[in-house]
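For reference, the structure is listed below as structure tokens.
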Number of protein chains: 2
Amino acid sequence: MTEGDRTRRRDAAATRQALLAAAAELFTARGFDRTSVRDIAALAEVNQALVFRYFGSKEELLGAVLTAPGREIVATTPPEELLTRLVGEIFAGEPGGPGANLLLMALSGPQDGGAAEALDREVAAPLRAALRSLTDDPSADLRAELVCAWLLGIALVRQIRLDGPVAKTDPAEVTPVVLDAVTRLLTDG
Amino acid sequence: MTEGDRTRRRDAAATRQALLAAAAELFTARGFDRTSVRDIAALAEVNQALVFRYFGSKEELLGAVLTAPGREIVATTPPEELLTRLVGEIFAGEPGGPGANLLLMALSGPQDGGAAEALDREVAAPLRAALRSLTDDPSADLRAELVCAWLLGIALVRQIRLDGPVAKTDPAEVTPVVLDAVTRLLTDG
DNA sequence: GTATGGCGTAAGCACCCGCTGACAACGTAC
DNA sequence: GTACGTTGTCAGCGGGTGCTTACGCCATAC
């Protein structure tokens, strides 16, 4: 309607970004399958055909949404701080909203589309490697994956049980509890 | 074809059970949304209209599948053994197959259909209550839910990363590690 | 033998989905 | 000012979905 809208339209990068943001929000809230391309486009206030112009398919859009933020965290954080950083990120965002909880998407998404594999490769695998290096226990692999499993579970419960203590307790109180338990799990023989 | 088939057909209880089993298998393997009623009926070798005759809707079928086994465990196990029992169940079944991993369904299923709520009410809530009673820590609620989150994460990782150590390590080796860490998490101030 | 009621079957409705292709509007380069 | 490439619009396709409805079929009761 307004001229301001007119000037901001016809901007490929902006629409691409709007689609990414809308997709992240809806995928996180409802899961992949329960989100339609038309819903994403509507939230982004963009024609639905543009999803396919810019991302090729709904699955590739999921891939783009999934890998972006996690990869950034892993890339910009030294291994020895990765655990603390990730726990912090998990408890940083609003429980219901988007944030570190992109994991849910990978679970509800297509198993064969490579999205879950991409997330594992880009985010979880480096984390496991970093955790493994913190202990010399012979079962380091197992313990590292147990820690990852815990983080996954915490992120999910925070997302699902919005009224539970994991979601509601002050992060400053929860974080040390988790980090403590993880540390002991890793450092005990 | 054979007479044996003829006699076993036209048996309401048997077809109901066949549908339940088929639904459990497919829901667990693919998730709720990626499983169609026609797929379930085909696996059960039953006409798809019978799903609606016996269960009313696809969601109610999910509800029936979800609550049955978990509720049985909770009902038949005294609170003080519930944690050990559940950890045992999680590591008992085959990693890829059905078993204690019905949780995945609740996550990928409809959030508003009450299936996840039913699972929480029938299974998770009693578990949390049992865990809470094991500690007199002021943050007992939080710690109990953190434990639940861990179990959820472990069950999921076992399901998702079939080649990972959580899925492949001998349960007899993993179980004490988990139980140890949980106990310390609960009993530490 | 025949009526009755539960069981299984076939066909299809109405809808939503991911995705496509042709076309219009726009901004820019010349 | 005109040609051109990019961006956005629109209608619709092919197909899958949950679910319904009307209808045969069989076992039993009488």
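All chains are named by letter (A, B, ...) in the order of the sequence lines, taking the proteins before the strands, and each is independently numbered beginning at 1.
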(message) Nearest to the side chain of B:Phe52, heavy atoms from C-beta on, is which of D:dC19, C:dC19, C:dT9?
(response) D:dC19

(request) Answer yes or no: is there a donor N or O on one side and an acceptor on the other, between the side chain of B:Ser57 and the main chain of B:Glu60, under 3.5 Å? (result) yes

(request) Starting from P on C:dA11, measure out to CG on B:Asn47 and report it in whole angstrom. (result) 11 Å

(message) Here's a test of your reading of the structure: between A:Gln48 and B:Gln48, which maps to the more 5' nucleotide of DNA chain C?
(response) B:Gln48

(message) Could you check whether B:Lys58 makes a cation-pi contact with B:Phe27, meaning its NZ or CZ is under 6.0 Å from the centre of the six-membered ring and within 45° of the ring axis?
(response) no

(message) At less than 4.0 Å, is any side-chain N or O atom of B:Thr15 found next to OP1 or OP2 of C:dG8? Yes or no.
(response) yes

(message) Could you tell me if the side chain of A:Leu83 sits less than 4.5 Å from the side chain of A:Leu151, heavy atoms only?
(response) yes

(message) If I take atom CZ in residue B:Arg53 and atom C1' in nucleotide C:dT9, what distance separates them, rounded to the nearest angstrom?
(response) 10 Å

(request) Take atom CD of A:Gln17 and atom P of D:dT7, then tell me their distance rounded to the nearest Å. (result) 15 Å

(message) If I take atom CD in residue A:Glu60 and atom C1' in nucleotide C:dC19, what distance separates them, rounded to the nearest angstrom?
(response) 13 Å

(request) Just grab all the salt bridge (charged side-chain N to carboxylate O under 4.0 Å, His left out) pairs involving residues 35-44 of chain B, residues at least two apart or on different chains. (result) B:Arg30-B:Asp39

(message) Can you pull out the residues from residues 35-44 of chain A that lie within a 4.0 Å heavy-atom distance of DNA chain C?
(response) A:Thr35, A:Ser36, A:Val37, A:Arg38

(request) Please report, rounded to the nearest Å, how far the P atom of C:dC17 is from the CG atom of B:Asp33. (result) 12 Å

(request) Quick one: pull up CG in B:Leu19 and CZ in B:Phe55 and give me the separation to the nearest 0.5 Å. (result) 5.5 Å

(request) Give the rounded distance in Å between these two atoms: CG of A:Asp11 and C1' of C:dA25. (result) 16 Å

(request) Map A:Tyr54 and B:Lys58 onto DNA chain D by nearest heavy atom, then report which one ends up closer to the 5' terminus. (result) A:Tyr54

(message) Between P on C:dG6 and CG on B:Leu50, what's the gap in Å once rounded to a whole number?
(response) 15 Å

(request) Kindly compute the distance separating CG (B:Leu185) from OG1 (B:Thr135), expressed to the nearest 0.5 Å. (result) 9.0 Å

(message) So A:Pro78 and A:Glu81, do their side chains get closer than 4.5 Å, heavy atoms only?
(response) yes

(request) Would you kindly give the CD-to-P distance between A:Glu45 and D:dG8, to the nearest whole Å? (result) 13 Å

